[in-house]
Structure formats: structure tokens, C-alpha cells
Amino acid sequence: MSKRDKFWADVPTNPDGDVAWPKDQDECRELASDIVGARVIGAIESILEDKLRVAAGEADDAEEDAARGEVFASMNDEQRAAVEGLLRSLCFNSLYWMLVKLRSCPNLEVDISVEPYSDGEPLTKMGLNETELHALYFDWVEKFSDHRDDV
């Protein structure tokens with residue numbers, strides 16, 4: 001079971017299957033951060049897995065990916081490993097550096113704001129209280145990534 005699958009299986013839900021948000025504001029904020037992190041890391045890993053298939057010569061139906069797949073299929077193991085490492089680095093470092101750059105916006109503090117809903121009604125809107133957004137990245141990768149162990 002992937003880290004994200006385990007996380008989603010453990011998220012508390014109400015009888016309708018919606019997230020059962022904790023009453024405690026700090027617990028609610030932590031769960032909201034984890035949900036955002038699981039979605040963000042899931043998106044990165046979905047892209048990564050798709051491109052790793054292309055690099056392995058297992059392209060999907062798209063003509064462009066099929067042409068690339070033919071090129072990648074002719075690589076030796078060492079070349080393939082180098083391409084896979086480059087893809088992993090690109091996916092994970094792109095997010096990290098975007099978050100670092102948001103930290104250094106002149107005269108601007110950037111935070112991610114969430115507004116949980118319970119039974120169709122909005123709860124208190126809150127920031128994740130993390131002005132060092134790139135620090136969230138390390139937490140999210142540790143909790144939710146099945147592809148990145150060396151951050």
C-alpha cells in the first residue's frame with residue numbers, strides 16, 4: 001500500500017464519506033496541510049510515473065510519447081538510470097524551488113489558505129501557518145512520497 005493510500009484510508013470520515021474535521025483548530029490545520037500535501041505529492045508522482053514509463057520504453061498511446069519511447073527503449077541500463085534520476089530530480093526539485101521563491105517575494109508573505117467544509121457548511125478559513133513553505137515540502141515528501149527517499 002502506498003503512503004498516500006494509507007493516509008487516505010486513515011482520514012476520518014463521516015457517514016457520507018466526507019472528511020470528519022477535528023474540532024481542535026490545530027488538529028484541523030494539520031489534517032488540512034496533510035490533505036494538501038498528499039494531493040500535491042500525488043500530482044508530482046503521477047507525472048513522474050507517467051514519464052518513467054516513457055523512459056522505460058513503455059509509452060502510452062500518444063504518438064509523441066511513443067516516438068520518445070522508442071528512443072528510450074534503445075538506452076542501456078546506465079543511461080536509463082541517469083534519465084530516471086534526472087526525471088525524479090526535476091519533479092521534486094521544481095516544487096521545492098517554487099516554494100523557496102515564494103518565500104522571498106519582496107514585502108509579501110505567502111501562505112496556503114484552506115477552508116474545510118463539514119456537512120456542506122464552511123468551517124473557519126485558516127492559513128497553514130507555515131511562512132517557510134519549502135519546509136512543508138520536506139514534511140509532505142516524507143509523509144506521502146513513494147519515490148523520493150533522499151530529500
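Positions are given from 1, in the same order as the sequence printed here.
- Inter-residue side-chain proximity for Pro22 and Leu31 is flagged as met; some heavy-atom pair is nearer than 4.5 Å.
- The nearest pair of heavy atoms linking Ile41 to Leu95 is CD1-CD2, 4.5 Å.
- Residues Met98 and Val141 do not share a hydrophobic cluster, defined by chaining ILVMFWY side chains whose heavy atoms lie under 4.5 Å apart.
- Annotation: the span from Leu86 atom CG to Glu84 atom CD amounts to 11.0 Å, rounded to 0.5 Å.
- Checking side-chain atoms of Asp16 against main-chain N and O of Asp18 turns up no donor-acceptor pair under 3.5 Å.
- The minimum heavy-atom distance between Cys91 and Ile44, with the atom names listed, is CB-CG2, 3.7 Å.
- The shortest side-chain heavy-atom distance between Met126 and Pro116 falls under the 4.5 Å cut-off.
- Between Leu90 and Ser94 the shortest side-chain heavy-atom distance falls below 4.5 Å.
- At distances below 3.5 Å, not a single donor-acceptor pair connects side-chain atoms of Lys3 with backbone N or O atoms of Ala38.
- Using a 4.5 Å cut-off on side-chain heavy atoms (C-beta onward), Val19 and Tyr117 make no contact.
- Atom CH2 of Trp21 and atom CD1 of Ile35 lie 3.5 Å apart (nearest 0.5 Å).
- Of all non-hydrogen atoms in Arg39 and Trp8, the two that sit nearest each other are CD-CZ2, 3.8 Å.
- By the neighbour-count criterion of 12 heavy atoms within 6.0 Å, atom CG of Asn76 is densely surrounded, having more than that number from other residues, nucleotides or ligands.
- Atom CD of Glu115 has more than 12 heavy atoms from other residues, nucleotides or ligands within 6.0 Å.
- When all heavy atoms are compared, the tightest approach of Asp10 to Lys6 is OD2-NZ, 2.8 Å.
- Contact annotation: the side chain of Asp139 approaches that of Asp34 to within less than 4.5 Å [non-hydrogen atoms, C-beta and beyond].
- With values rounded to the nearest 0.5 angstrom, Leu87 atom CG is found 11.5 Å from Ile47 atom CD1.
- Nearest heavy atoms, His147 versus Arg88: ND1-NH1, 3.0 Å.
- Within 6.0 Å of atom CD in Glu142, 12 or fewer heavy atoms from other residues, nucleotides or ligands are found, so the atom counts as exposed in its surroundings.
- Here the OG-CZ distance, from Ser2 to Phe144, works out to 10.5 Å after rounding to the nearest 0.5 Å.
- Once rounded to the nearest 0.5 Å, the distance linking CZ of Phe138 with NZ of Lys143 reads 15.0 Å.
- Taking CG of Asp146 as the start and CE of Met1 as the end, the distance is 11.0 Å to the nearest 0.5 Å.
- Between Phe92 and Glu45 there is a side-chain heavy-atom pair separated by less than 4.5 Å.
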